[in-house]
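What follows is one structure encoded as structure tokens, with my remarks underneath.
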Amino acid sequence: MKKINRSLTLGVLSLSIVVSSVVSCSVSDIESFISELSKPTLNFKGISIDSLDTEGISFKCDYSITNPYSIDVSVAQVAADITCDGNAFTSITANEGVSLAAKSEKENSFDFKVPYDSLINFAKSYTSGAKSLPFNVSGSVGLDLSKVTSLTDKTLSLPFSKSIDAPVIKPSFDFSDPKVVLPSKAELLSAISKVNPIGAVKAVAAITTGGKVEADIFDNVDLNIKLNFDMSVSNSGSSAWSYLVKNCSINTGEEGENALISLDTSDSQAINSSSGTVPLTATLNTLKFGKFIAKIINKSGTNPSFSIDSGISFPEIESLAGFEFPLSFSKEIPLSDFGLAND
């Protein structure tokens, strides 16, 4: 019985010594111990095509960093070299000063843009007629760990490297043959006579001959007038594509709710060859858009601008197949380019 008590006494004493030792450790000692076991980690998720415009392709690089410390740290810099088949394209820096909260994961991204002309030129030196180019992004995320007082190294570099197949394209767009399609003279005369019976004949003559008309000539006149034009699309690159118009609108330059016209794109067909034409039309009611129609007839005033939202896919590039990428742009059309036609 005494032996058991002695053993128990020794065990309690040993436990007391261990507890005393742990309690005597400073917080910084514990943090230092943990920091030796855990370091921030980088998950570089990949590169994707973010969008396209009339100048080039924007690529997006997504990554996340896990901060295991109980203190906030920050990104000092993201630095990367962009290469194509081992040949240097450009270098980028990004994301300086981004804060990483304590014991959390932070998602972030950076992007870079490749002009279409660069894609065409790289393709010539890579492989003639190449459907895609192997772009690689290699670099590192540098972390500022100066707030973690227990660490000897106050910076940490987390390397990454990812690749993507870049399509070889150069799209171009042109608007042609914009015109206002007028109703018949009889329809014009009937509608305008209800509002202006005395001046209707003179007004119709000015409208149909493209003469000077008053800005309020269609005030209170209820007529539907068509606005038609063609958009020519072409691709001078070597990648096969499929191009489809999704939305199209016209900013008339007028104030308020009469500034925007939506065009009907429901019948638009995808263009799968190197070039094609997309016919577009809008129905303008003179009660709402009469002043804009008068501006077109007079060829005077603020030029309208067309905005196009479209989608592009690359069916022959395996890594991009099944994805559609947005392409949006705006273009101003001089009023002098508009014509008049009879329905």
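We use all heavy atoms of the structure for the numbers below, so side chains are in, but hydrogens, waters and symmetry mates are not.
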Using a 4.5 Å cut-off on heavy atoms from C-beta on, say whether the side chain of [Y] contacts that of [X].
| X | Y | answer |
| --- | --- | --- |
| Ser70 | Lys103 | yes |
| Tyr63 | Phe110 | yes |
| Phe292 | Pro304 | yes |
| Ile297 | Leu340 | yes |
| Val168 | Ile120 | yes |

Query - Nearest-0.5 Å distance that lies between atom CZ in Phe289 and atom CD1 in Ile250 - result: 9.0 Å
Query raised in the report: Which value, rounded to the nearest 0.5 Å, describes the distance between Asp144 atom CG and Asp72 atom CG?
Result: 11.5 Å
Query raised in the report: Applying ring-ring contact (aromatic ring centres under 6.0 Å, His included), which residue pairs with at least one partner in residues 163-193 are found, sequence neighbours left out?
Result: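 Only Phe173-Tyr243, Phe173-Phe329, Phe175-Phe229, Phe175-Phe306 qualify under ring-ring contact (aromatic ring centres under 6.0 Å, His included).
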Report task. Decide if atom NZ of Lys106 counts as having more than 12 heavy atoms of other residues, nucleotides or ligands within a radius under 6.0 Å. Result -> no
Query raised in the report: Is the number of heavy atoms from other residues, nucleotides or ligands within 6.0 Å of NZ (Lys170) greater than 12?
Result: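 Open.
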Output a table of donor-acceptor pairs, distance under 3.5 Å, between side-chain atoms of residues 133-143 and any protein atom two or more places apart or on a different chain; print 'none' if there are none.
from   : atom 1 : to     : atom 2 : distance (Å)
Asn136 : OD1    : Ser138 : OG     : 2.5
Asn136 : ND2    : Ser161 : OG     : 3.4
Asn136 : ND2    : Lys162 : O      : 3.2
Asn136 : ND2    : Ser163 : OG     : 2.9
Ser138 : OG     : Ser161 : OG     : 2.9
Ser140 : OG     : Ser157 : OG     : 3.4

Report task. Tell me whether the centres of the aromatic rings in Phe89 and Phe122 are closer together than 6.0 Å. Result ->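 They qualify: ring centres under 6.0 Å apart.
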Requested in this report: Provide the closest heavy-atom pair for Met231 versus Leu280 in the form atom of the first, atom of the second, distance.
Outcome: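 For Met231 and Leu280, the tightest heavy-atom pair comes out as CB-CD1, 4.4 Å.
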Requested in this report: Check Val204 against Lys185 and note the closest heavy-atom contact, atom names and distance.
Outcome: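 Between these two residues, the closest heavy atoms are CG1-O, 4.2 Å.
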**Report entry** Side-chain donor/acceptor of Trp241 to backbone N/O of Ser273, under 3.5 Å
**Finding:**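 Indeed, once roles are kept as given, a pair shorter than 3.5 Å links the two residues.
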Query raised in the report: Do the side chain of Ser239 and the main chain of Lys131 share a donor and acceptor less than 3.5 angstrom apart?
Result: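 Checking the backbone N and O of Lys131 against the side chain of Ser239, a donor-acceptor pair under 3.5 Å is found.
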Report summary line: Applied to residues 187-209, the side chain to side chain donor-acceptor pair (under 3.5 Å) test, sequence neighbours excluded, yields Ser184-Glu187
Query - Check against salt bridge (Lys or Arg N to Asp or Glu O under 4.0 Å), Asp337 and Lys299 - result: CA-CA 8 Å; Asp337 288 356; Lys299 299 183 185 296; over 6 Å; no
Query - Test item: side-chain donor near acceptor, Glu105 and Ser64, under 3.5 Å - result: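 The criterion, which ignores hydrogens and geometry beyond distance, is satisfied for Ser64 and Glu105.
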